[in-house]
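Computed from a predicted model, the values in this text were never measured in an experiment. Each chain gets a letter, A, B and so on, in the order its sequence line appears, and its residues count up from 1.
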Amino acid sequence: MNFPQNLKYTKDHEWLKIDGDSAFIGITEFAVSELGDIVFIEIETQGETLAQGDTFGSVEAVKTVSDLFMPVGGEILEVNPTLEDTPELVNSSPYDEGWLVKIKIENSDELNGLLSADDYKSIVG
Amino acid sequence: MCEISGFNILSPELHLIIILMKYTIFNEKHKAAGAKMVEFAGFEMPVEYSGVTNEHINVREKVGLFDVSHMGEFWIKGDMARDLVQKITSNDVDKLEPGKIQYSCFPNGKGGIVDDLLVYKYEKNKYLLVVNASNMEKDWAWVKECNTMNAEIENASDDISQVAVQGPMAVNLLQKLTDTDLSNIPYYSFKTAKLGGIDEVIISNTGYTGAGGFELYFYSSEGNAIWDKIMEAGKEFGILPAGLASRDTLRLEMGFCLYGNEINDTTSPLEAGLGWITKFTENNNFIDKEFLLKQKEAGLKRKLVGFEMIDRGIPRQHYTVVNAANEEIGEVTSGTMSPMLKKGIGMAYVKSEYALTGREIFISVRNKDLKAQIVKLPFYKAV
């Protein structure tokens with residue numbers, strides 16, 4: 001299983017890719033393998049500013065619904081527009097084409113609480 | 001936790017599960033194929049191999065192989081066989097010719113359903129009942145209790161294995177493995193013949209997918225090689241093993257009832273849309289006949305319907321159904337994203353006055369009421 005070194009992780013199986021003062025957020029390959037085929041992604045929080053831990057959307061597999069949580073607080077700048085018609089991109093490319101949202105990080109101190117690739121790997125391994 | 005001779009034993013409950021977990025004869029095949037395994041009805045079963053959507057579409061377009069050995073099988077034999085089967089099943093078994101199969105249910109004496117099942121008629125005094133794995137023990141107790149006429153009954157569930165070969169290519173695939181002409185076995189008919197080197201396989205033109213194909217029954221002691229033979233013969237047709245998850249999405253696209261979802265001990269077969277297997281003919285004196293006849297005459301309070309989402313979203317079991325005034329009018333029994341239609345579909349019990357094709361309803365999907373429309377079943381029709 002793949003755990004890219006350049007990403008930060010949460011114990012809720014999300015990843016965060018920092019890009020200046022903004023970041024892309026997605027779910028990990030481990031999450032995807034546990035969920036199975038993802039059939040629907042609902043994110044209706046574009047433009048909203050949410051706190052760390054707030055729900056920003058949900059991801060639905062065939063049998064389950066899971067909430068998506070903010071790894072750090074910030075404004076939802078962008079929602080991946082291709083996921084509305086092709087949610088399966090999250091299965092096939094969880095760290096790249098299957099990104100969920102882009103956020104503006106509000107407080108970079110919150111980044112310190114996130115997990116490194118090795119820390120995350122040891123949790124799910 | 002308890003400690004015996006220095007060994008830590010896991011909780012007693014977990015210990016019990018390990019002892020009681022049952023395995024089909026194909027368990028190793030599933031694991032070798034990389035299946036995700038789950039506990040279902042006491043069996044360790046494959047829920048998916050390559051992914052539910054892929055398996056689903058492969059069954060609709062090509063062919064899939066399902067292990068359904070967990071299903072229960074009861075023999076009913078002897079002079080009293082017909083009387084027992086007629087008494088415990090809602091359908092009219094006198095209509096059944098040898099070599100034919102009937103979908104039916106066991107009414108529970110209180111207006112509900114013990115289980116739904118298939119009835120196979122071999123000959124005048126010999127029937128095979130195929131029941132759900134999750135209800136097998138309850139069903140067997142019920143059959144014994146109802147057998148006041150002393151028909152010969154035998155629970156063969158542990159001795160019989162079953163696979164379902166489903167999809168448009170199933171007939172061509174299986175024809176490679178048997179000399180019996182499969183085109184001479186119409187829908188809901190069966191023959192017993194040699195297949196894949198096993199004598200006396202029940203070749204049944206049935207299934208739970210609406211994709212066409214056969215279900216095969218054979219003695220577990222003889223059956224282990226059949227999995228590889230079917231996979232090998234199916235290579236040229238693009239066969240894939242398929243798990244319980246796609247079995248569920250395939251049946252739901254057809255609007256087939258699933259015990260525990262659409263039907264249970266409190267749902268009437270009439271409410272569930274199973275009036276077509278509930279025959280009030282004079283010769284059919286089955287359990288609950290009077291009760292159900294009265295219910296039919298009085299009119300049903302609720303009905304099972306199929307619906308498609310108009311708003312984007314996926315309905316799930318137990319979600320509430322409401323009307324435009326936000327009044328509760330029913331409950332979802334099953335729901336999924338249809339892999340073929342690419343939209344949310346579901347079944348629900350709704351108050352009878354709402355059970356009309358085309359009627360707009362709303363499904364409370366977590367915190368929102370999403371618009372849906374009642375549609376005719378099946379949701380998906382093969383072209």
Exercise. Please state whether the side chain, the backbone, both or neither of A/E42 comes within less than 4.5 Å of a heavy atom of chain B.
Key: side chain

Quiz item: Going from CD1 on A/I38 to CE on B/M337, what distance comes out if it is rounded to the nearest 0.5 angstrom?
Solution: 12.0 Å

Quiz item: Using a cut-off of under 4.5 Å for heavy-atom pairs, which of B/G344, B/G313, B/G335 has the most such pairs with chain A?
Solution: B/G313

Exercise. Give the minimum heavy-atom separation between B/T336 and A/V62, together with the two atoms involved.
Key: OG1-CG1, 4.1 Å

Practice problem: Select one option (side chain, backbone, both, neither) describing which atoms of A/S33 are under 4.5 Å from chain B's heavy atoms. | Solution: backbone

Practice problem: Answer yes or no: does atom NZ of A/K17 have more than 12 heavy-atom neighbours from other residues, nucleotides or ligands under 6.0 Å? | Solution: no

Quiz prompt | Check ion pair B/E48-A/K63 (N to O, under 4.0 angstrom) | solution = no

Quiz item: Non-hydrogen atoms of chain A under 4.5 Å away: do they reach the side chain of B/D248, the backbone, both or neither?
Solution: side chain

Quiz prompt | Distance in Å, A/D67 CG paired with B/R366 CZ, rounded so as to fall on 0.5 Å steps | solution = 5.0 Å

Quiz item: Shortest non-hydrogen contact from A/T64 to B/R316?
Solution: O-NH2, 3.4 Å

Quiz item: Counting only heavy atoms not in B/K31, do more than 12 fall under 6.0 Å of its NZ?
Solution: yes

Practice problem: Considering only NZ, NE, NH1 and NH2 on the basic side and carboxylate oxygens on the acidic side, decide whether A/E44 and B/R312 come within less than 4.0 Å. | Solution: no

Quiz item: In this structure, which one of B/T249, B/V52, B/I314 forms a side chain to side chain contact (heavy atoms under 4.5 Å, CB included) with A/V39?
Solution: B/I314

Quiz item: chain A heavy atoms under 4.5 Å from B/K343: which part of the residue, side chain, backbone, both or neither?
Solution: neither

Self-check item: Contacting moiety of A/E88, where chain B heavy atoms sit under 4.5 Å
Solution: neither

Quiz prompt | Side chain, backbone, both or neither of B/K342 within contact of chain A (heavy atoms, under 4.5 Å) | solution = neither

Practice problem: State whether the number of non-hydrogen atoms from other residues, nucleotides or ligands found under 6.0 Å of B/E28 atom CD is greater than 12. | Solution: no

